[in-house]
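This report concerns only the one structure given below.
All chains are named by letter (A, B, ...) in the order of the sequence lines, taking the proteins before the strands, and each is independently numbered beginning at 1.
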There are 2 protein chains.
Amino acid sequence: MTIEAKERFDQYLSKKNLKKTHQRGLIVDIFLKSAKHLTYEELYEVVKAKDKTIGLTTVYRTLKLLTESGIAKTVDFGDRVIRYENTFCSGHHDHLICIRCGKNIEILDENIEKLQREIANRYGFTLKDHTMSLYGICNEC
Amino acid sequence: MTIEAKERFDQYLSKKNLKKTHQRGLIVDIFLKSAKHLTYEELYEVVKAKDKTIGLTTVYRTLKLLTESGIAKTVDFGDRVIRYENTFCSGHHDHLICIRCGKNIEILDENIEKLQREIANRYGFTLKDHTMSLYGICNEC
DNA sequence: ATAATAAAATTAATAATTATCATAAAAATT
DNA sequence: AATTTTTATGATAATTATTAATTTTATTAT
């Protein structure tokens, strides 16, 4: 939920004694409303379209805050491009990617999730998060 | 196995009509002998130490060949740094990472691997590869 | 051994990211 | 509400990362 994420961001700001500013608000709003997987560049484009006066440094800085607060997460589709994903958008999910056409399906499997927790526990870890990307060839390719 | 990987690289070169050169050989050897997860920078440092005359562009190019030939794979530990991993070093494996101390354990679970193939098939995909990273807090932290 | 071809190094160009700093805005205090 | 304190911002510069272009050098095939 977008509202939930926004609240989390505000809480993070006050916890860290950071200020609520117009720029931060706008960037977060845009990020939360946008497509799943954004590069820095794509985000900056949209932000600039809404408010020409916002500097690129601010976008970098805000993106950092978003990751620190757990609202954004970096994902790797194996193409050496860093993308940011909204972790609140559709809850947690993993990725199934076609290496021919680039098709990207979001998946979620409770059995795997359970196994992941078990493995972590076996090594004495408390699992906090994970990423998983499956690469294959889809039936259309 | 290092030898196996080296062979694969040589095969890749001849298949693509690329030449075997001293530089490529050296870079591949170093990459295969090195620690699991190298950044471009780390690799270049070691290469330069062995042979001062090798240019940085050549390292970039060879790293590209390594990924194309399937010997290297990019991995994301969630810190916006692209690392290259030797896929032959200890065969396929996933990662369990402590978000406090950075400890990095290689894991492999046949049940998960099987589930991954099943999920991919369910969506009409033929699974070729995958990455999985579990983030948590280890018992020492 | 020689010619043909491709790769390397070097340099330059471009892109991405971070640092600096003066100004402006937000929160705290009066 | 005005003032003070603190922090954020934007512009620029600096740094770092990556790619391109070109001449020289090395490799392969003949």
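At least one donor-acceptor pair under 3.5 Å links the side chain of A:Lys73 to the backbone N or O of A:His130.
For A:Asp109 and A:Lys114, the salt-bridge test fails: no basic side-chain N is under 4.0 Å from an acidic carboxylate O. Taking the charged nitrogens against the carboxylate oxygens, B:Asp29 and B:Lys50 have no contact shorter than 4.0 Å, which rules out a salt bridge. Between A:Glu42 and A:Arg83 there is no salt bridge, since no side-chain nitrogen of the basic residue lies less than 4.0 Å from a carboxylate oxygen of the acidic one. With salt bridges taken as basic N to acidic carboxylate O contacts below 4.0 Å, none links B:Glu68 and B:Lys16. A salt bridge links B:Glu110 with B:Arg117; the closest basic N to acidic carboxylate O contact falls under 4.0 Å.
Rounded to a whole Å, the CG atom of B:Leu13 is 9 Å from the P atom of C:dA7. Distance A:Lys48 NZ to D:dA11 P: 11 Å, rounded to the nearest Å. Counting to the nearest Å, the C1' atom of C:dA26 and the CG atom of A:Asp10 are 14 Å from each other. Atom NZ in A:Lys52 sits about 15 Å away from atom C1' in D:dG10, given to the nearest Å. Between the CG atom of B:Asp51 and the P atom of C:dA7 there is a distance of 18 Å, rounded to whole Å. Rounded to whole angstrom, the span from the CG atom of B:Leu65 across to the C1' atom of C:dA7 amounts to 11 Å. Between the P atom of C:dA7 and the NZ atom of B:Lys16 lies a distance of 13 Å, rounded to the nearest Å.
The shortest distance between the side-chain N/O atoms of A:Gln23 and the OP1/OP2 oxygens of D:dG10 is below 4.0 Å. For A:Arg24, a side-chain nitrogen or oxygen approaches OP1 or OP2 of D:dA8 to under 4.0 Å.
Once rounded to the nearest 0.5 Å, the distance linking CG of B:Leu18 with CG of B:Leu13 reads 5.5 Å. Note that CD1 of B:Ile105 is 4.0 Å distant from CZ of A:Phe125, once rounded to the nearest 0.5 Å.
In terms of position along DNA chain D, the nucleotide closest to B:Arg61 lies nearer the 5' end than the nucleotide closest to the other residue of the pair B:His22 and B:Arg61.
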Under 3.5 Å, which N/O atoms of the protein pair with N/O atoms of nucleotides 16-18 of chain C?
residue	atom	partner	partner atom	Å
C:dT17	OP2	A:Tyr60	OH	2.6
C:dT17	O5'	A:Tyr60	OH	3.3

Report all interatomic pairs (protein N or O, nucleotide N or O of nucleotides 28-30 of chain D) with separations under 3.5 Å.
residue	atom	partner	partner atom	Å
D:dT28	OP1	B:Lys20	N	3.3

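The ring pair (Phe, Tyr, Trp, His ring centres under 6.0 Å) analysis of residues 40-73 of chain A, with sequence neighbours excluded, yields the pairs A:Tyr40-A:Tyr44, A:Tyr40-A:Tyr60.
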